[in-house]
Each structure stands twice: as C-alpha cells, then as structure tokens.
Amino acid sequence: MTIEAPMTLHRIILKTGADLHGFRKAVRWLIAEELAPQHVVFAIDDAPGLFGDETVMDAPPVSIPKGVSRLIEQVVCHGDPERYALLYGLVWRVLNGERDLLEVASDPLVHRIDLMARSVRRDLHKMHAFVRFRRMQGELERFAAWFEPEHFILEAAAPFFVDRFRSMDWTILTPIGSTRWDRHELTFGPPGRREDAPDEDSFEEGWRGYYESVFNPARVNPTAMRAEMPKKYWRNMPETAAIPGLIQTAAQRVERMIEQEATMPTKRTPERAIQAMWDQEPKTLEELNAIIAKAGPLVPGATQAVFGEGPHHAEIVFVGEQPGDQEDLQGRPFVGPAGKLLTKAMREAGIEREQAYLTNAVKHFKFDQRGHRRIHAKPTAGEVKHYRPWLMKELELVRPKLIVALGATAVLALSGKATPITRSRGRAKFGAYEGYITVHPSYLLRLPDEATKQEAYEAFLNDLRRIHDLAQADLNTGELPLAAE
Amino acid sequence: MIGEWLSMGKGLLLKKGEPHRLSGSVEAKVHDLTETCSYGRHATSRPLPGPSPAPYLHARTKHEQSCGRPMDEKLSKKLRILADAAKYDASCSSSGAPKRKSDPDGLGSTVGTGICHAYTPDGRCVSLLKILLTNYCLFDCAYCVNRRSSNVKRAKFSVDEVVTLTVEFYKRNYIEGLFLSSGIIRSPDYTMEQMILVAKKLRRDHGFRGYIHLKTIPEASPWLIEEAGLWADRLSINLELPTEKSLEQLAPEKDGASIETAMAQMSERIEEAREERRHFSPAGQTTQMIVGADETTDADVLRKSATLYGHYAMKRVYYSAFSPIPDSSAILPLKSPPLMRENRLYQADWLLRYYGFDVDEIASSAEKGMLDLDVDPKLAWALKNRHRFPVDVNLADREMLLRVPGLGARAVDKIVVARKHTTLRLEDVARLTSGLKRAKPFLITADHHPKARLDKLDLRERLIEKPEQLSLFV
C-alpha cells in the first residue's frame with residue numbers, strides 16, 4: 001500500500017444566480033488542467049473562502065455533445081448550491097470515455113441532474129403561467145408584476161414575455177432581480193420588493209369571478225389542483241383567494257342540485273322562434289351574393305366579388321374557374337378575352353349568352369403582381385372547396401337543366417374530385433344535375449400555333465352544339481334524348 | 001416605489017453597457033440604469049429612460065384606445081353567468097397552434113403545448129377564457145344546463161364585450177386566449193356569424209395572436225364553417241352522445257348525420273390547408289362525448305372514438321362524466337357516474353392512440369363492456385393475458401414494452417436507448433418510471449424474475465390502487 005500525498009482542493013468561485021458564463025469558463029480551465037471532480041469544489045461568492053480561491057485562467061473551449069450543453073444551461077439556474085459540482089462531474093465523465101452518458105437515463109447522476117433540469121423547466125413554465133400583471137397608475141398603459149420563482153430563472157423566463165407582450169410596457173419584479181420591457185428593449189436590474197408592484201387591478205375582481213364560476217362543485221379535487229398549482233405560488237395570484245370558500249361550500253351546492261326536483265320551465269315554449277330558427281337559408285341569388293360579398297376574398301387582393309350573371313332559372317349554367325383581371329375590375333363574369341371567345345362560340349353554336357347563366361367556381365380574382373400586370377394565379381384545391389358551398393347554393397337557386405363545367409377547376413368544384421378533362425370530356429353527372437364537361441376557353445387562347453388552335457376551337461364548338469341540343473331536347477321531351485349522345 | 005432599481009447605482013446584476021445574449025430571441029442590453037428614474041407613479045410627467053425615445057411610447061396602441069376602461073359590475077355579472085354556462089365543456093387545451101409571436105403593435109403569442117394559467121379546486125386547468133356568447137338557446141338538449149326549458153339565469157355578451165374581456169385578461173397574463181361557444185339564438189347562422197365576428201375583430205383590430213378556439217355549430221351553413229376556420233386555431237363540434245338513439249332521445253334538435261357531415265368538412269379542409277400551407281384551424285378539431293347520461297357502454301364509447309379518430313382525424317376526443325346540473329331535466333339519471341369512469345376512458349383512449357392497442361383488445365378485458373374501475377385498462381388487459389408475460393426489459397421490443405403495466409411511453413423510450421449502453425437492473429427501472437409496483441410482476445430485469453408470482457390468483461387484488469382522489473386531467 002502506498003501513501004498518497006494529500007491532494008489540494010481547487011476552489012472555484014462563481015457568482016450568485018445562474019452563472020453560466022463563469023461556470024463555462026471554469027470548466028474550460030479545469031479540463032485544460034486535467035483536474036478531476038474530486039479535486040474541485042465550487043462555491044458561490046457570498047461564502048467566505050476557506051482554502052484560498054483559484055484564479056481561473058482562460059482556456060480553449062471544450063467540445064461536448066449538444067444535449068449536455070443544453071442541460072447545463074438549464075441546471076445552472078437551479079437553486080441547489082451543489083449544481084455546479086454535479087454538472088462538472090457529468091462533463092468529466094462525458095469527456096472521459098462516456099460520451100453517450102446522457103442516453104443512460106438510469107444512471108444515478110444523469111437521473112439526478114435530469115430531475116434538477118425538470119424542476120427548472122417546471123419553474124419556468126409556472127412563471128410563464130402564474131405571473132399576474134397589474135396596471136400601474138397613470139395615463140399611459142404600463143404593467144408590473146411581483147413574482148417569486150423557485151430557481152434563478154428570471155433571465156431565462158423573460159423572452160417569453162417579450163414575445164407575448166411586445167406592444168406593452170411591463171416590469172417583472174422578483175427577489176432575485178427585476179426586468180423591464182419598454183416596447184423596445186429588455187433590461188435587467190437588482191431585486192425588487194413586493195410593495196413596488198401595484199397592489200390591485202380593476203380587472204382582478206372580474207377575473208376572480210370568472211375563476212369561481214368555472215369551478216364545478218360536483219368534481220371537487222383539491223389534491224389535483226395543488227399538484228399543478230403548489231401553494232407557494234398562491235399568494236401572488238389574486239384568484240386563489242376564492243379557493244377556501246369554493247371547497248367549503250362545494251358539497252352543499254351539489255346536494256342542493258341533486259335534491260332539487262326538475263322544475264317546469266317558466267317560459268312558454270317559443271315555438272315560433274324555433275320554427276324561424278331553421279329559416280336561415282338565403283332565398284334568392286341577391287341574398288346569397290350579399291353573403292359572399294360580406295365574407296371578402298379568401299386570398300387578399302381582389303377588387304370585388306364577381307357573381308354569376310344571367311336569368312334566374314336559366315336552362316344552362318356555365319361554370320368557369322375564377323374571375324380574371326377584366327372581370328375583377330368590371331365586376332362581371334366572362335368579359336375578358338376568354339369570355340369574349342366563349343360568347344362568340346356560344347353564338348355560333350346557337351346559344352344566346354343572355355339566355356344562359358354564367359358563373360365561376362371561385363368568386364374572387366387571385367393574381368401575382370408582375371410590374372404593372374396582374375397575372376392570373378390558379379386557385380388551389382382548398383380555395384375551390386372554400387367557395388364550393390356557395391356554388392352549390394347558387395345552383396340550387398338557379399335550378400338549371402344542364403351544368404357545363406369549363407375546365408378542370410369547375411369539375412373539381414362541381415364534383416368535389418379532381419378529374420383530368422381529357423378523360424372526362426362529354427356528358428357527366430354532378431350530383432342530381434345533368435352535366436357536361438369541356439375545356440375552359442382560356443385553354444384555346446393559350447395554344448401556340450394557329451392550326452392546333454383552329455382544331456381545338458372546332459372541338460369546343462362541337463361540345464357547345466351538343467350542349468345546345470341537350471338543353472333543347474330536354475325542354476321538349478322532359479328527358480335527355482340518346483340522339484344527343 | 002416601483003422601478004427603484006432603476007435609480008440604484010449598486011448591486012446591479014449586470015454591468016453597465018454589457019451586451020447580454022439571452023437564450024431566446026431577444027437581445028438585451030443593460031443601459032445606464034443610474035441616470036434617471038422616471039417611470040412608475042411619476043411616469044406621466046417625465047420622459048422615459050432608454051437609449052432612444054421610442055415614438056410609440058407616446059402613441060397609444062390600438063387596443064389601448066378601445067379597451068382601457070375598467071370592468072363594470074354589469075359586465076362582471078354577465079361574465080359569471082356565461083362562464084358558469086360554459087364550464088361543462090371539458091376541452092381546455094390551448095395546444096397545437098403553430099408557434100407565433102406578437103408584432104410590435106400586436107398582442108399575443110402561442111407556444112406549442114399551451115399553458116395552464118390557473119387550476120380550480122376541481123383540478124381542472126384554466127387556460128382559455130371559456131365563455132358562451134349567450135346562454136339563451138332555442139335547443140332543448142336534456143343534458144344541457146342551457147336548454148330552453150331550463151330556468152337558469154340568462155345573459156348575452158355583445159361582440160365588443162367579449163373582445164374587451166379577452167384582450168384585457170390576456171394583457172394581465174390570466175389566459176392563453178379565447179374559447180368561445182354559444183347557445184343558439186335566432187338561427188344557427190346568425191349565432192355562428194356573431195362568433196366569427198369576435199374572432200375576426202380580435203385578429204384584425206387588435207393584432208391578437210393568442211389562441212382562439214371556436215365551437216362550431218353543425219347546423220350553420222357550410223360557408224360559415226369555412227370562414228370560422230380562417231380565424232380560429234381550433235374548431236370543435238361536440239358529438240355529446242355516442243349513439244343516434246340517445247341523440248334522438250336527449251337532444252331532439254340535433255342530428256347525428258349533420259354533425260358528422262360538418263366534422264368531415266372540417267377534417268377535409270384542415271388537411272387541404274395543411275398541404276397548401278394555409279391557415280385553417282391549424283390545431284385541428286376536437287369533440288366531446290358525455291358519459292353516463294345514457295346507457296352506452298365504455299366499449300361502445302371507445303368504438304365511437306376510434307371511428308372519430310380514424311374518419312375525421314380528431315386531435316382529441318374529450319369524455320365528460322355527466323354531472324348534476326342546476327335545474328336538471330326529469331329524463332336524466334339521478335346519479336352521476338363515478339369520476340373514475342371518465343379517468344379510465346381517458347386511459348383507454350391513450351392506449352388506442354399511443355400504445356398500439358385496438359378497441360377489441362380493450363373491450364375483451366372489460367366486463368360487459370365496462371372498464372374495470374379498480375385497475376387501469378392496461379393492467380386489466382395484462383391480467384387477462386398473463387401468458388404474454390413476463391417481458392425482459394433488456395430484450396423485449398418496444399411494442400411489447402409498451403404493453404407492460406406501469407411503463408409509460410416515455411419510460412419505454414428511455415429504456416430502449418439506455419439498454420444499448422448498460423444492462424438494466426430493477427433499481428435502474430425504478431429511476432425511469434413511477435409505476436414500478438405495477439410493472440414488477442410482469443417484468444424481468446438483470447436481477448429480478450417474477451416467476452410464479454405472475455400466476456397468483458390474488459395478483460389483481462394486490463395491485464389495486466388505493467382509493468385516492470385522482471387527477472382527472474393529466
């Protein structure tokens with residue numbers, strides 16, 4: 001057996017509170033000096049020195065896993081004076097062969113530090129939850145609160161309040177320090193006193209009344225309440241004054257409710273009101289359009305809502321995609337280049353535009369601004385569905401014989417499903433309505449060469465002629481003739 | 001005097017001018033605290049300290065203008081009535097909203113999990129200002145305190161009153177936001193429009209970025225549901241009763257089919273909006289079922305839940321044990337079910353969602369469709385399936401560890417990671433879970449084997465929890 005020379009203890013002094021900076025500096029130096037935890041003691045600066053303090057010199061940074069440094073940031077806020085020694089023990093082991101130590105949650109040291117971190121996180125969470133601002137006297141709106149945290153968490157807790165109350169001027173005073181946000185900058189100062197904060201607020205009585213009212217006496221369970229809202233926080237929360245009374249009278253209140261027999265309603269049954277209640281549906285297109293106008297555009301930018309146009313009981317309804325630039329400015333559907341093309345084709349196919357009802361799946365123009373030009377932007381499926389209930393109501397009010405879907409967006413709006421035009425072109429069924437699917441006239445405008453354009457226009461015209469026949473035949477026979485197929 | 005620390009030259013936590021990086025998003029600089037003390041009670045007469053006089057300190061923000069007045073007695077009275085009327089709705093959570101921060105002249109933020117700002121003596125969390133717009137109602141649902149035939153006191157808020165209460169309570173850090181529901185007045189559409197107006201005013205006029213939960217009225221026109229989703233973080237429709245028959249009997253104006261149509265519409269739109277990165281009820285939808293007001297068994301309640309989770313992507317199904325209400329209807333049962341029933345339903349619900357159980361497994365360990373009130377549903381299942389135990393904590397796969405009574409999902413995750421580095425003993429497991437007593441008979445560790453104890457007939461009796469008051473909302 002050899003006799004070892006007594007080891008010197010190195011004493012590291014850190015500042016009161018969460019001295020992350022001091023601890024980090026100390027760790028760098030201790031690791032550089034290869035000093036094992038059993039040779040180091042940590043002390044807070046208000047304790048008198050017994051061994052003579054170490055001067056911590058600058059040393060290169062130490063590379064530790066992210067999880068460990070995150071844990072350190074939390075645990076230095078803990079109130080336990082042992083925290084630094086425990087953390088240094090952890091760092092030492094991580095750097096000496098146990099790099100994945102944090103993964104061993106069952107390790108006694110890891111477990112203990114994890115409990116401390118949890119306690120700090122809980123205290124932070126409770127501070128975010130339980131701080132109660134009171135409005136300060138004076139004309140300008142300013143708030144202050146007095147709060148007593150368990151750990152040194154003021155600086156860690158403050159950013160939450162900035163994010164939340166950025167437009168407010170507020171101060172939080174605690175026994176470990178104070179912080180103020182003046183809508184511009186966050187500052188920290190020395191400890192405050194309870195009497196520095198206002199002792200009342202004009203909304204507190206209302207708040208207490210609210211708290212009392214949401215309590216259900218049939219479920220009284222103070223243990224569960226105290227587990228989440230420990231008594232130590234109560235004195236700074238105005239609503240807790242109501243607790244004893246609520247618990248005391250709970251049993252009595254429940255008894256009264258159970259004993260009380262069912263009573264006869266004192267008011268007569270409001271039959272007419274109930275009848276009227278269901279009479280909420282818009283009865284005319286004008287009423288429906290007023291509702292659409294009031295709701296405003298889903299995607300901001302449109303000048304106005306563009307409603308359907310045509311006789312109220314038209315035989316054919318044409319459904320397009322959404323208003324374009326011209327439509328948006330004029331407030332009428334199908335008045336732009338594509339609309340003009342449609343009108344021309346309709347006339348050639350024998351359909352009077354004035355006899356048909358023209359509308360769009362989406363009622364507001366959506367665009368991308370490029371310089372002075374507003375370039376049409378295709379509505380998303382969600383946008384189409386947003387407008388769908390209105391379109392359905394519109395069709396219900398027009399009650400056409402035939403609905404023509406112009407393009408894929410109209411098909412989506414009418415059927416609720418995305419279907420490619422090429423495969424579904426021709427006759428269709430939209431719910432209970434007879435339908436017909438064809439391309440949108442803007443498709444014809446986009447085709448590159450004249451020959452294709454002409455060919456596509458002929459096909460479109462053919463569709464319109466069939467649409468015309470279908471609607472005609474329907475009028476004469478009361479059913480759709482196969483000849484129109 | 002408040003702000004005294006500003007005038008003190010000593011004992012500062014940080015030195016003058018020292019830049020100080022905080023863990024969050026805020027860069028804080030400690031400016032010269034010794035210069036002036038001009039805020040607090042003298043604030044109106046002197047200029048403010050700070051490196052640059054910010055112009056908006058003098059220009060009042062929008063919500064100051066409209067909401068500066070104190071709360072009068074009339075408003076207080078209404079608040080009592082309309083909070084009391086809303087308290088039977090169990091959903092309290094303010095979770096699931098995308099993280100937001102307030103604008104320079106707006107108010108409010110959201111954090112992922114939500115915050116409980118207080119707890120009432122029933123152990124429930126107070127997170128949102130949960131109120132009804134009005135408790136006048138044309139519906140006559142037997143279980144509801146606000147049904148038209150009840151003789152409770154009635155009140156109605158104006159849209160502006162709700163906005164004021166929300167903003168002023170929020171500024172004092174009482175709440176995370178607003179939970180707004182309502183009795184049906186005039187028509188479902190009118191009522192829904194008023195509720196949407198509240199949300200719209202908060203968001204538009206006050207730059208409010210806190211949490212808004214709107215209770216949706218399924219009888220309202222579909223376009224109003226579309227609009228509600230644009231302003232709210234969460235929408236919900238309460239199913240209230242799990243079967244069509246009970247609905248017919250207890251809620252004559254309600255219709256199961258229209259409730260589910262509205263749920264389907266919301267779930268479809270929530271999904272689309274998420275894909276299109278658009279705002280539509282980003283925290284999803286929830287619902288509530290009342291337990292114990294009709295004859296439905298636990299197994300049937302859970303089957304309904306499984307359908308709701310599956311078909312409509314519910315974030316949560318709340319179970320509310322029917323509790324006595326003032327001026328109760330004669331067709332209701334006299335006794336409320338034990339609160340424990342609600343607790344067991346929540347536990348079973350978690351087994352469905354996070355522990356890989358299916359409804360039939362849970363139902364098979366229930367007696368006549370009712371969950372065992374003495375032991376939790378996982379333990380009840382394990383006791384009926386002893387042949388699948390004991391499970392070796394050092395070898396078993398995650399799925400099987402999740403089925404061990406007393407081991408939560410978090411503990412299981414820790415076990416799976418830790419055993420890569422070490423062989424777990426009983427004391428190690430004890431550090432990872434608080435449910436060791438229940439786990440022990442089903443678990444093998446490096447130094448423990450339950451052997452014949454697992455087959456003992458009195459095992460259930462020995463594992464019964466002492467009848468203590470339980471936290472219902474964990």
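Labels below follow one simple rule: chain letters A, B, ... track the order of the sequence lines, proteins then strands, and each chain is numbered from 1.
- Residues Trp207(A) and Leu129(B) have side chains not in contact (no heavy-atom distance under 4.5 Å, counting atoms from C-beta outward).
- Between chain A and the options Ser329(B), Ala321(B), Ser150(B), Ala118(B), the largest number of non-hydrogen pairs under 4.5 Å is found for Ala118(B).
- Side-chain atoms of Tyr211(A) come within 3.5 Å of backbone atoms of Tyr119(B) as a donor-acceptor pair (strictly under, hydrogens ignored).
- The residue among Phe133(A), Phe130(A), Phe161(A) with the most heavy atom pairs within less than 4.5 Å of chain B is Phe133(A).
- Enclosure of atom CZ in Arg99(A) by more than 12 non-hydrogen atoms of other residues, nucleotides or ligands within 6.0 angstrom is indicated.
- With a 4.5 angstrom heavy-atom cutoff, Pro108(A) touches chain B via backbone and side-chain atoms both.
- Contact count versus chain A (heavy atoms, under 4.5 Å) is highest, among Val417(B), Asn151(B), Asp428(B), Asp84(B), for Asn151(B).
- Only the side chain of Arg253(A) has a heavy atom closer than 4.5 Å to any heavy atom of chain B.
- Residue Glu219(B) comes nearest to Trp278(A) through the heavy atom pair CG-CH2, 3.5 Å, listed as atom of the first residue, atom of the second, then distance.
- In this structure, chain A has a heavy atom under 4.5 Å from the side chain of Ile131(B), while its backbone stays farther away.
- Nearest heavy-atom pair across Val214(A) and Ala83(B) is CG1-CB, 4.1 Å.
- Heavy atoms closer than 4.5 Å to chain A are found nowhere in Ile196(B), neither backbone nor side chain.
- Taking the side chain as every heavy atom from C-beta outward, Lys101(B) and Phe160(A) never approach each other to under 4.5 Å.
- Within the 4.5 angstrom heavy-atom criterion, only side-chain atoms of Phe169(B), from C-beta onward, approach chain A.
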Report task. Start with the C-alpha distance between Asp114(A) and Lys414(B), add both sets of side-chain angles, then the distance that settles side-chain contact (heavy atoms from CB on, under 4.5 Å), and finish with yes or no. Result -> CA-CA 12 Å; Asp114(A) 184 52; Lys414(B) 284 182 180 172; 3.8 Å; yes
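- With a threshold of 4.5 angstrom between heavy atoms, Ala381(A) approaches chain B through its backbone and through its side chain.
- Looking at Glu272(B), the atoms closer than 4.5 Å to chain A (heavy atoms on both sides) all sit in the side chain, from C-beta outward.
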Requested in this report: For the pair Leu432(B) and His111(A), evaluate side-chain contact (heavy atoms from CB on, under 4.5 Å) and give the outcome as yes or no after the intermediate values.
Outcome: CA-CA 8 Å; Leu432(B) 300 177; His111(A) 178 61; 5.7 Å; no
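- Electrostatic pairing of Lys171(B) and Glu141(A) counts as a salt bridge here, judged by a charged N lying under 4.0 Å from a carboxylate O.
- Annotation: the span from Ile243(A) atom CD1 to Thr120(B) atom OG1 amounts to 9.0 Å, rounded to 0.5 Å.
- Across all their heavy atoms, Met237(A) and His117(B) have their closest contact at CE-O, 3.7 Å.
- Top candidate by heavy-atom pairs under 4.5 Å with chain B, chosen from Met257(A), Met229(A), Gln280(A), Lys393(A), is Gln280(A).
- Minimum interatomic distance between Ala224(A) and Gly123(B) (heavy atoms only, all atoms of both residues): CB-CA, 3.8 Å.
- Here the side chains of Tyr210(A) and Leu165(B) are not in contact, with every heavy-atom distance at 4.5 Å or above.
- Between chain A and the residues Gly229(B), Pro121(B), Ala220(B), the largest count of heavy-atom pairs under 4.5 Å involves Pro121(B).
- Residue Ile291(A) touches chain B through its side chain alone, counting heavy-atom pairs closer than 4.5 Å.
- Taking Pro222(B), Ser76(B), Ala273(B), Gly210(B) one by one and counting their heavy-atom pairs under 4.5 Å with chain A, the maximum is reached by Pro222(B).
- Proximity of Glu228(A) to Cys116(B): side-chain heavy atoms (C-beta onward) are nowhere separated by under 4.5 Å.
- Applying a 4.5 Å heavy-atom cutoff, the residues of residues 185-192 of chain B that approach chain A are Arg186(B), Ser187(B), Pro188(B), Asp189(B).
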Requested in this report: Start with the C-alpha distance between Arg124(B) and Asn216(A), add both sets of side-chain angles, then the distance that settles side-chain contact (heavy atoms from CB on, under 4.5 Å), and finish with yes or no.
Outcome: CA-CA 9 Å; Arg124(B) 296 222 239 190; Asn216(A) 183 350; 4.1 Å; yes
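- Residues Arg166(A) and Asp103(B) fail the side-chain proximity criterion, which asks for heavy atoms closer than 4.5 Å.
- Side-chain atoms of Met277(A) and Phe139(B), non-hydrogen and from C-beta on, do get closer than 4.5 Å to each other.
- Considering only heavy-atom pairs separated by less than 4.5 Å from chain B, the leading option among Met392(A), Met225(A), Arg388(A) is Met225(A).
- Counting heavy atoms from C-beta on, the side chains of His128(A) and Asn173(B) never come closer than 4.5 Å.
- Counted by atom type alone, Tyr170(B) and Arg164(A) present one or more donor-acceptor pairs between their side chains at under 3.5 Å.
- Judged purely by atom type and a 3.5 angstrom limit, Glu276(B) uses its side chain to pair as donor or acceptor with the backbone of Gly382(A).
- For the options Ala85(B), Ala430(B), Ser127(B), Ser149(B), heavy-atom pairs under 4.5 Å to chain A are most numerous at Ser149(B).
- Contacts of Glu239(A) with chain B are made by side-chain atoms alone, with heavy-atom separations under 4.5 Å and no backbone atom involved.
- For Asp201(A) and Arg172(B), the salt-bridge test passes: some basic side-chain N is under 4.0 Å from an acidic carboxylate O.
- For Lys77(B), no part lies near chain A; criterion is any non-hydrogen pair under 4.5 Å.
- When each of Val299(A), Leu298(A), Asp279(A), Leu101(A) is checked for heavy-atom pairs under 4.5 Å with chain B, Leu298(A) comes out on top.
- Side-chain atoms of His421(B) do not come within 3.5 Å of backbone N or O of Val104(A) as any donor-acceptor pair.
- Looking only at side-chain heavy atoms (C-beta outward), Arg219(A) and Glu342(B) come within less than 4.5 Å of each other.
- Proximity to chain B (any heavy atom under 4.5 Å) is shown, for Glu204(A), by both the backbone and the side chain.
- Listed options Gly209(A), Ala250(A), Ala242(A) were ranked by heavy-atom pairs under 4.5 angstrom with chain B; first place goes to Gly209(A).
- Nearest heavy-atom pair across Gly106(B) and Ser167(A) is O-OG, 2.7 Å.
- Looking only at distances, a side-chain donor or acceptor of Arg431(B) sits under 3.5 Å from a matching main-chain atom of Ser106(A).
- For Glu275(B), no part lies near chain A; criterion is any non-hydrogen pair under 4.5 Å.
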Requested in this report: Could you check Glu281(A) against Ser221(B) for side-chain contact (heavy atoms from CB on, under 4.5 Å), going step by step and ending with a plain yes or no?
Outcome: CA-CA 8 Å; Glu281(A) 301 280 312; Ser221(B) 296; 4.1 Å; yes
